[in-house]
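Each residue takes its place number in the sequence, starting with 1. Values below: all heavy atoms of this structure, side chains included; hydrogens, waters and symmetry mates excluded. In listed order, ligands and their atoms are each counted from 1. In this text, all values refer to a predicted model and were calculated from it rather than measured experimentally.
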Amino acid sequence: MIDNTKSHYEVIVIGAGVAGIYQIKLLADLGVDATVLDAAGDLGGTWYRNRYPGARFDSESYTYGYSFSKELLNEWHWKERFSSQPENLRYLNTVADKFDLRKYMQFNCKVEAAHFDEANDLWHLKIADGRELTSRFVVMAVGLLSIPTPPRLKGMEKFKGHSFHTFYWPQEPVEMAGKKVAVIGTGATGIQVIAEIADKVGDLTVFQRRPNWSAPLNNGPISDADMADIRSRYDEIFATCARTPGGFEHEPDRRGFYEVTREERVALWDRLYDSPGFAIWLRNFREIFTDEKANAEFSEYIADRIRRRVKDQAVAEKLIPRDHGFGVQRVPMETRYFEVYNRDNVHLVDISETPIVEVTETGLRTTERDYDFDIIVYATGFDAITGAFDRIDIQGVGGAKLRDNWNDGPSTFLGMLVHGFPNFLMPSGPQSGSASTNYPRGIETGVNWCTKLLEYMWEHGYTRAEPRLEAQQQWADHVKQMYSAMLMRKAKSWFTGYNSNVPGHEHGKIRYFVYNGGTPKYVGQINEVAANRYEGIVFTSGSTPVHRQDRETSSIAEKIPR
Ligand SMILES: Cc1cc2nc3c(=O)[nH]c(=O)nc-3n(C[C@H](O)[C@H](O)[C@H](O)COP(=O)(O)OP(=O)(O)OC[C@H]3O[C@@H](n4cnc5c(N)ncnc54)[C@H](O)[C@@H]3O)c2cc1C
């Protein structure tokens, strides 16, 4: 059992999701005095929350799982190619139990503040339960999609029925049969939940402001024989993920868009439309991401697919995005989503034409009319990437607030460190390799890198690490510069820091959130920094800066704080 009277740790990890679980595993293996704090009631992060019907991976399950343990890989049987939330949560619990990691975790521990004490190179943390903890290092495993954003609607508190954001979908079953249900939002979550509940509710009204491009997930079961085959190929599968830009099994088509005929392009797209997962997005021609004309031709292909699947052509046209092309935002994958609109009990309300004015006691009022509902589901997404950082009062050197420094967008070194905030590690932070890729592949890379940095410091007796301002500036410029070639820079999405439900994050101000250079390039760069004795990072010991070459090294085992 965790001793929660203890007030100091060498490392405090905030967050017990995919990243925090792996981070504590590595620290426990090293015998470091560390704990994990999580605001939630149990481990799992994304997969502990998000219990809405239809919540599932769009990463192939077997590319999402951890790669660090052969034994785990050999034991775990993924039952579906794109596994659902209950199974994903069971997986993370199995991992924690197998490696006996729960004993390091403290739940219902919301970190409200983290202040750096310059005199002692320590972080002081304030927990919502009133405790104050200190640690030499803080690892921010707080998640990039962990702060839900309800819409900003008048009267939300008045509604007498049942209403919730999909992130807070109740743990107990929600009775839907015969009920009048509203879903607000048609992003990745809305598309999953709408498709799943349409035939289970009495009546479903979907409130859509901007449609999203979406394509079939093509999920399927994984039999014992399939799983045996996957197990035998794990090395190859992870090697493929490591060399593809997105960290998935999907490799882009190497042919140039304009080098092949229109017939050849359509033949590829027909094949990809029936292929599982992100194939339609990531096995496509690379020009889809960079060339307006190529993107427009492909978007029109997908628009035609939507028209073929929806009977009422007026509804089909409403479901086709006009303000962005396919794939410039993270593509929500769907299972019979468009067919939902062929059902008599499903209605689409275009709130770009008739906006919601307010929530009433009995439902919703638009500029056109009143609607009565039993349940309102807010599928309105997240304050992505920096939301969880902004919710903590993080103060670094001289009392500088991270939230203020990042007001116009994050600035980081490698997406993992921040100038002015020493000993503050973000294994999957803003501008790191995680957010634009298959997360766990990026997370493992980031956690490994941060852990190696810690080992290096313990080995050398350093008590403080902080990136140089110039090194950070170079990284931030590099991240920004990579947006210039990508069509995604124009999208109203979390790739550009847009969220109309968060004050100040409306359209018009790009925040450079994700690293667009792809997995191999990212890993190459962070490994090079490590190989060059962490070039760009200033290390100090006590309050004395230490030249990296000056100190002798000896067995790290003796030097790790336990
Ligand atoms: C519905 C959904 C489906 C997804 N599907 C995929 C997919 O198929 N493939 C993919 O690659 N990614 C997917 N993602 C992204 C997903 O978030 C990552 O895959 C991964 O789970 C992130 O793990 P994490 O540990 O970084 O963060 P999280 O799982 O978000 O965990 C962060 C934890 O930090 C805790 N925390 C935050 N702030 C504080 C605080 N102040 N104090 C204490 N604790 C705090 C939270 O309570 C949470 O438990 C999906 C996301 C969602 C929402």
Side-chain angles (χ1 to χ4, degrees), residues 12-24 35-61 63-66 81-85 88-89 91-92 105-114 125-129 133 138-148 165-169 187-193 217 219 241 246-248 277-278 330-333 379 381-394 426-430 432-444 446-447 494:
I12 292 182
V13 179
I14 310 179
V18 173
I21 292 170
Y22 182 46
Q23 182 63 78
I24 196 66
T35 190
V36 182
L37 308 176
D38 200 300
D42 206 348
L43 62 82
T46 291
W47 304 109
Y48 174 77
R49 305 289 192 180
N50 296 292
R51 292 166 189 246
Y52 61 85
R56 64 174 64 251
F57 289 148
D58 46 26
S59 300
E60 278 73 8
S61 311
T63 70
Y64 188 99
Y66 294 112
R81 191 167 181 120
F82 303 97
S83 173
S84 66
Q85 177 273 331
N88 306 345
L89 183 58
Y91 170 75
L92 293 176
M105 299 179 181
Q106 306 183 49
F107 299 111
N108 302 307
C109 285
K110 184 166 183 235
V111 177
E112 292 186 328
L125 270 59
K126 282 206 178 81
I127 317 298
D129 63 13
L133 305 179
V138 169
V139 177
M140 299 297 288
V142 291
L144 300 180
L145 297 172
S146 55
I147 303 294
H165 189 284
T166 42
F167 182 80
Y168 292 118
W169 194 280
T189 294
I191 283 174
Q192 286 186 332
V193 75
L217 180 65
N219 194 12
C241 293
F248 290 93
F278 282 145
R330 187 148 177 153
V331 178
M333 304 309 294
F382 298 92
D383 186 1
I385 312 282
T386 48
F389 292 86
D390 288 347
R391 298 302 186 284
I392 305 175
D393 172 25
I394 299 166
M426 308 179 295
S428 54
S432 77
S434 291
S436 56
T437 62
N438 194 1
Y439 270 82
R441 306 279 58 79
I443 284 172
E444 278 189 346
V447 169
W494 52 264

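Under a cutoff of 6.0 Å and an axis angle of 45°, Arg49 and Tyr52 do not form a cation-pi pair.
Checked against a 3.5 angstrom limit, the closest N/O atoms of Ser146 and ligand 1 fall outside it. Checked by distance only, ligand 1 and Asp38 come closer than 3.5 Å through their nitrogen or oxygen atoms. Here's the thing with Ile14: none of its N/O atoms is less than 3.5 angstrom from an N/O atom of ligand 1. For ligand 1, none of its N or O atoms has an N or O atom of Asn50 under 3.5 Å away. Residue Thr46 places at least one N or O, backbone or side chain, under 3.5 Å from an N or O of ligand 1. Ligand 1 has no nitrogen or oxygen under 3.5 angstrom from a nitrogen or oxygen of Lys110. Considering backbone and side-chain atoms alike, Pro440 places every N or O at 3.5 Å or more from each N or O of ligand 1.
The closest approach between a heavy atom of Cys109 and any atom of ligand 1 is below 4.0 Å. Not a single heavy atom of Gly247 sits closer than 4.0 Å to an atom of ligand 1. Heavy atoms of Phe82 stay at 4.0 angstrom or farther from ligand 1. For Gln23, the heavy-atom gap to ligand 1 stays at 4.0 angstrom or more.
Rounding to the nearest 0.5 angstrom, the gap separating the OG1 atom in Thr46 from the CG atom in Leu92 is 9.5 Å. Taken from CD1 in Ile385 to CG in Leu145, the straight-line distance is 6.5 Å, to the nearest 0.5 Å. How far CE of Met105 is from OG1 of Thr35: 9.0 Å, rounded to the nearest 0.5 Å. We find the CG-CD1 distance between Leu37 and Ile12 to be 5.5 Å, quoted to the nearest 0.5 Å. Interatomic distance, Ile14 CD1 to Met140 CE, rounded to the nearest 0.5 Å: 4.5 Å. The CG atom of Leu144 lies 5.0 Å from the OG atom of Ser428; values are rounded to the nearest 0.5 Å.
In this structure, the protein non-hydrogen atom closest to atom 42 (N) of ligand 1 is Val111 N, 2.9 Å. The protein atom (non-hydrogen) at minimum distance from atom 21 (O) of ligand 1 is Tyr64 OH, 3.0 Å. Considering only non-hydrogen protein atoms, atom 37 (C) of ligand 1 sits nearest to Val142 O, 3.4 Å. In terms of protein heavy-atom proximity, atom 31 (O) of ligand 1 is closest to Gly45 CA, 3.5 Å. Among all non-hydrogen protein atoms, the one lying nearest atom 27 (O) of ligand 1 is Gly143 CA, 3.1 Å. Nearest protein heavy-atom contact of atom 9 (N) of ligand 1 is Ser59 OG, 2.6 Å. Of all protein heavy atoms, the one lying nearest to atom 12 (N) of ligand 1 is Tyr439 CD1, 3.1 Å. Protein heavy atom at the shortest distance from atom 34 (O) of ligand 1 is Gly15 CA, 3.2 Å.
Looking only at side-chain heavy atoms (C-beta outward), Tyr64 and Val18 come within less than 4.5 Å of each other. Side-chain contact between Phe248 and Ser59 is present, with heavy atoms from C-beta onward closer than 4.5 Å. Between Phe389 and Pro430, the closest side-chain pair of non-hydrogen atoms falls below 4.5 Å. Counting heavy atoms from C-beta on, the side chains of Ser146 and Phe382 never come closer than 4.5 Å.
When ring centroids are compared, Phe82 and Phe57 stay outside the 6.0 Å threshold.
The Ile443 neighbourhood of ligand 1 comprises atoms 23 (O), 26 (O), with distances under 4.0 Å to a heavy atom of that residue. Residue Ala141 has at least one heavy-atom neighbour below 4.0 Å for each of these atoms of ligand 1: 32 (C), 33 (C), 34 (O). Under a 4.0 Å criterion applied to the non-hydrogen atoms of Val18, ligand 1 contributes the atoms 21 (O), 23 (O), 25 (O). Atoms of ligand 1 lying under 4.0 Å from any heavy atom of Phe382, numbered from 1 in the order shown and given with element: 53 (C). For ligand 1, the atoms lying closer than 4.0 Å to a non-hydrogen atom of Ile392 are 41 (N). Close contacts of ligand 1 with Tyr52, meaning ligand atoms under 4.0 Å from a residue heavy atom, involve 1 (C). Heavy-atom proximity to Asn438, at under 4.0 Å, picks out these atoms of ligand 1: 11 (O).
Contacts between Phe167 and ligand 1 below 4.0 angstrom, taking non-hydrogen atoms only, are absent altogether. Counting heavy atoms closer than 4.0 Å to ligand 1, residue Arg330 contributes side-chain atoms (C-beta onward) but none from N, CA, C or O.
The residue among Phe57, Phe248, Tyr22, Trp47 with a heavy atom at the shortest distance from atom 3 (C) of ligand 1 is Trp47. Counting heavy atoms only, Ala39 comes closest to atom 43 (C) of ligand 1 of the residues Ala188, Gly381, Ala39.
Across every non-hydrogen atom of Asp129 and Cys109, the tightest pair is OD2-SG, 4.4 Å. Of all heavy-atom pairs between Ala141 and Ala19, the closest is CB-CB, 3.9 Å.
The pair Lys126-Asp393 does not meet the salt-bridge criterion, since no charged nitrogen lies less than 4.0 angstrom from a carboxylate oxygen. The existence of a salt bridge linking Asp58 and Arg330 is confirmed by a sub-4.0 Å separation between a basic side-chain nitrogen and an acidic carboxylate oxygen.
Ring planes of Tyr66 and Tyr22: tilted class, angle from 30 to 60°.
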